[in-house]
Novice: 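Let me begin by handing over the structure; questions about it come next.
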Amino acid sequence: MKHIALYSLPIRYMIIYIILILVSGLWLFLLSQGYESSESIIGTLQNIIAAPADKSLQGLIEVASPHLFAIGILIFTVAHFMLFSTNVSPKVSLIVAMFLFAFALFDIFAYFAISFGLVVSGWIKLVALSGFVLLFLLMLGLIAFSL
């Protein structure tokens, strides 16, 4: 970090807040895919792979529009905290941010591939979501390393 100690306070708060957003987003994803208290998370993931939940085109547009905006703003904000870093090169943070945007788009439009019949399994959604979350955690780790 630059030599101003007060930058670390909002960055730490942002890291905690965003981790809670990711956890709640994963939980809501599992709930929307049929997770019930009587079923295990592994069972839900197997159901997603075998038979993903049906989505209409209108439902996909209703979900994708706010997600494009919210995820884009979230990535934009988190990536800008990397501007204060003196420990991570700007090239590395740019590469991670661009891959993060690409995985976010891949994650949002994975349901389009399922709904149009391009993919009959839900593995594409799980791969997209896992890639996005792991890259986002990598970005948060880079920010935490910068403190």
Side-chain angles (χ1 to χ4, degrees), residues 1-37 39-50 52-53 55 59-116 118-147:
M1 281 326 257
K2 305 237 179 198
H3 300 286
I4 300 173
L6 293 178
Y7 278 126
S8 66
L9 186 64
I11 291 174
R12 286 184 180 138
Y13 172 77
M14 184 240 7
I15 288 173
I16 292 169
Y17 179 71
I18 289 177
I19 288 173
L20 290 174
I21 288 174
L22 284 174
V23 168
S24 66
L26 289 171
W27 186 255
L28 288 173
F29 168 73
L30 290 173
L31 288 176
S32 71
Q33 296 300 310
Y35 177 70
E36 298 175 8
S37 60
E39 189 178 3
S40 70
I41 292 177
I42 301 297
T44 302
L45 293 177
Q46 289 172 344
N47 289 342
I48 294 169
I49 292 171
K55 300 283 184 184
L60 287 172
I61 292 171
E62 288 176 359
V63 169
S65 300
H67 276 79
L68 282 172
F69 177 74
I71 290 174
I73 293 294
L74 190 65
I75 295 170
F76 184 77
T77 304
V78 171
H80 272 76
F81 274 107
M82 292 301 294
L83 292 174
F84 303 116
S85 174
T86 55
N87 297 334
V88 179
S89 75
K91 185 176 182 177
V92 170
S93 61
L94 176 68
I95 289 171
V96 172
M98 290 299 112
F99 274 111
L100 197 55
F101 274 114
F103 265 97
L105 282 174
F106 180 51
D107 179 41
I108 291 168
F109 291 112
Y111 272 129
F112 282 102
I114 293 170
S115 67
F116 289 128
L118 300 174
V119 178
V120 293
S121 173
W123 64 266
I124 190 168
K125 181 63 179 168
L126 293 177
V127 167
L129 183 65
S130 300
F132 174 73
V133 170
L134 290 175
L135 269 174
F136 207 90
L137 290 174
L138 174 67
M139 177 68 88
L140 290 178
L142 290 174
I143 292 172
F145 174 70
S146 299
L147 296 174

Novice: Going by the rule ring-ring contact (aromatic ring centres under 6.0 Å, His included), which residues pair with Phe136 if we only count those two or more places apart in sequence or in a different chain?
Specialist: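 Checked Phe136 against ring-ring contact (aromatic ring centres under 6.0 Å, His included); matches are Phe132.
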
Novice: Between Phe103 and Val133, is any pair of side-chain heavy atoms under 4.5 Å apart?
Specialist: no

Novice: Can you tell me how far CG of Leu134 sits from CG of Leu100, rounded to the nearest 0.5 angstrom?
Specialist: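 Rounded to the nearest 0.5 Å, the CG-CG separation comes out at 11.0 Å.
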
Novice: Listed by chain and number, what are the ring-ring contact (aromatic ring centres under 6.0 Å, His included) partners of Phe99, not counting sequence neighbours?
Specialist: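 If we apply the ring-ring contact (aromatic ring centres under 6.0 Å, His included) test to Phe99, skipping adjacent residues, there are no hits.
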
Novice: Closest heavy-atom contact between Ile75 and Ala97?
Specialist: CG2-O, 4.5 Å

Novice: Quick one: pull up CD1 in Ile16 and CD1 in Ile21 and give me the separation to the nearest 0.5 Å.
Specialist: 12.5 Å

Novice: Quick check: closest heavy atoms across Ala113 and Ile124, and the distance to 0.1 Å?
Specialist: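 In terms of heavy atoms, the two residues are closest at CB-CD1, 4.4 Å.
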
Novice: So, for Met139 and Ser93, which heavy atoms are closest and what is the spacing to 0.1 Å?
Specialist: CE-O, 4.0 Å

Novice: CG/Leu135 to CG/Asp107 distance, rounded to the nearest 0.5 angstrom?
Specialist: 11.5 Å

Novice: How would you list, by chain and number, every residue that makes a side chain to side chain contact (heavy atoms under 4.5 Å, CB included) with Ser130, sequence neighbours excluded?
Specialist: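 Checked Ser130 against side chain to side chain contact (heavy atoms under 4.5 Å, CB included); zero matches.
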
Novice: To the closest 0.5 Å, what do you measure between CG (Leu142) and CG (Leu137)?
Specialist: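 The CG atom of Leu142 sits 11.0 Å away from the CG atom of Leu137.
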
